[in-house]
Amino acid sequence: MSKIRGYLRHIVRVEQSVCCLLLVTMLAVCFAAVILRYAFGKPLVWSEEVILTLLIWFGFLCISIGAFGDTHIAIEGAYNLFPPVLRRFCDLLRHVLLMVFGGMMVYFGWQVFHINLLKRLPATHWPQGIQYFPIVFGGLLTAVYSAVNLIECLSGKRERKEGSES
């Protein structure tokens with residue numbers, strides 16, 4: 001399982017790099033749009049669509065990164081008061097729920113993506129499905145990462161650690 005986690009860690013590093021690139025691109029487009037609008041009176045009509053699309057991709061990639069590192073928010077105060085058996089049950093339940101949630105994102109996201117694939121965004125004329133595919137992609141990665149976390153939790157090789165990214 002550690003070999004699989006090693007391969008997945010490489011995917012997460014690529015995701016993190018893509019997220020950094022998306023943030024820089026969003027910042028650059030937003031900065032250019034503001035400067036061109038207010039300094040030169042020539043707004044970029046496509047800037048909002050591009051920023052929104054990049055933000056959607058960024059958000060769903062970050063969900064999967066959080067699932068890999070098991071760093072999604074939890075109620076630590078109450079969790080730490082539980083006995084070890086109940087904590088283990090909560091860990092298993094969390095991984096199962098995240099895996100199911102990821103699977104539902106893939107299933108329903110694919111339907112919405114397929115419906116919107118032939119529609120066009122008004123300013124960029126990109127397929128509108130580009131804004132819905134991150135649901136499918138992020139859901140798939142979330143489900144895979146959660147399944148690996150669940151298997152490791154069941155085998156006893158993984159304990160929840162504060163702020164850890166295995």
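Computation of the quantities below employed the complete heavy-atom set of this structure, encompassing side-chain atoms and omitting hydrogens, waters and symmetry-equivalent molecules.
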Sub-3.5 Å donor-acceptor pair from the side chain of [X] to the main-chain atoms of [Y], do we have one?
{"X": "R94", "Y": "L150", "result": "no"}
{"X": "W126", "Y": "V50", "result": "no"}
{"X": "R37", "Y": "P43", "result": "no"}

Looking at [atom1] of [X] and [atom2] of [Y], how far apart are the two atoms once the value is rounded to the nearest 0.5 Å?
{"X": "L61", "Y": "E15", "atom1": "CG", "atom2": "CD", "value": "5.5 Å"}
{"X": "S64", "Y": "L98", "atom1": "OG", "atom2": "CG", "value": "11.0 Å"}
{"X": "I51", "Y": "L27", "atom1": "CD1", "atom2": "CG", "value": "9.0 Å"}
{"X": "L8", "Y": "S2", "atom1": "CG", "atom2": "OG", "value": "11.5 Å"}
{"X": "Q128", "Y": "L121", "atom1": "CD", "atom2": "CG", "value": "5.5 Å"}
{"X": "Q16", "Y": "I11", "atom1": "CD", "atom2": "CD1", "value": "12.5 Å"}

For the residue pair [X] and [Y], what are the closest heavy atoms and their distance?
{"X": "R87", "Y": "F82", "value": "NE-O, 3.0 Å"}
{"X": "Y79", "Y": "C90", "value": "CE1-CB, 4.1 Å"}
{"X": "E49", "Y": "P122", "value": "OE2-CD, 3.0 Å"}
{"X": "V136", "Y": "G109", "value": "CG2-C, 3.3 Å"}

Side-chain contact, heavy-atom cut-off 4.5 Å: [X] with [Y]?
{"X": "T53", "Y": "F58", "answer": "no"}
{"X": "F89", "Y": "L92", "answer": "no"}
{"X": "D70", "Y": "H95", "answer": "yes"}
{"X": "R9", "Y": "V12", "answer": "no"}
{"X": "R120", "Y": "P127", "answer": "yes"}
{"X": "C30", "Y": "S47", "answer": "no"}

Exercise. More than 12 foreign heavy atoms under 6.0 Å from CD of E48: is that the case here?
Worked result: no
Membership question, hydrophobic clusters at under 4.5 Å side-chain separation (ILVMFWY): are [Y] and [X] in the same one?
{"X": "L54", "Y": "L52", "value": "yes"}
{"X": "L55", "Y": "V34", "value": "no"}
{"X": "L141", "Y": "V14", "value": "yes"}
{"X": "F40", "Y": "W46", "value": "yes"}
{"X": "L44", "Y": "I35", "value": "yes"}

Cation-pi check for Y145 against R5: NZ or CZ below 6.0 Å from the six-membered ring centre and within 45 degrees of the axis, yes or no? no
### Task
For side-chain contact (heavy atoms from CB on, under 4.5 Å), just list the numbers for N149 and E152, CA-CA rounded to whole Å, side-chain angles, deciding distance to a tenth of an Å, and then say yes or no.
CA-CA 5 Å; N149 288 341; E152 287 180 344; 4.3 Å; yes
Partner of F113 under ring-ring contact (aromatic ring centres under 6.0 Å, His included), picked from Y132, Y107, F133, is F133
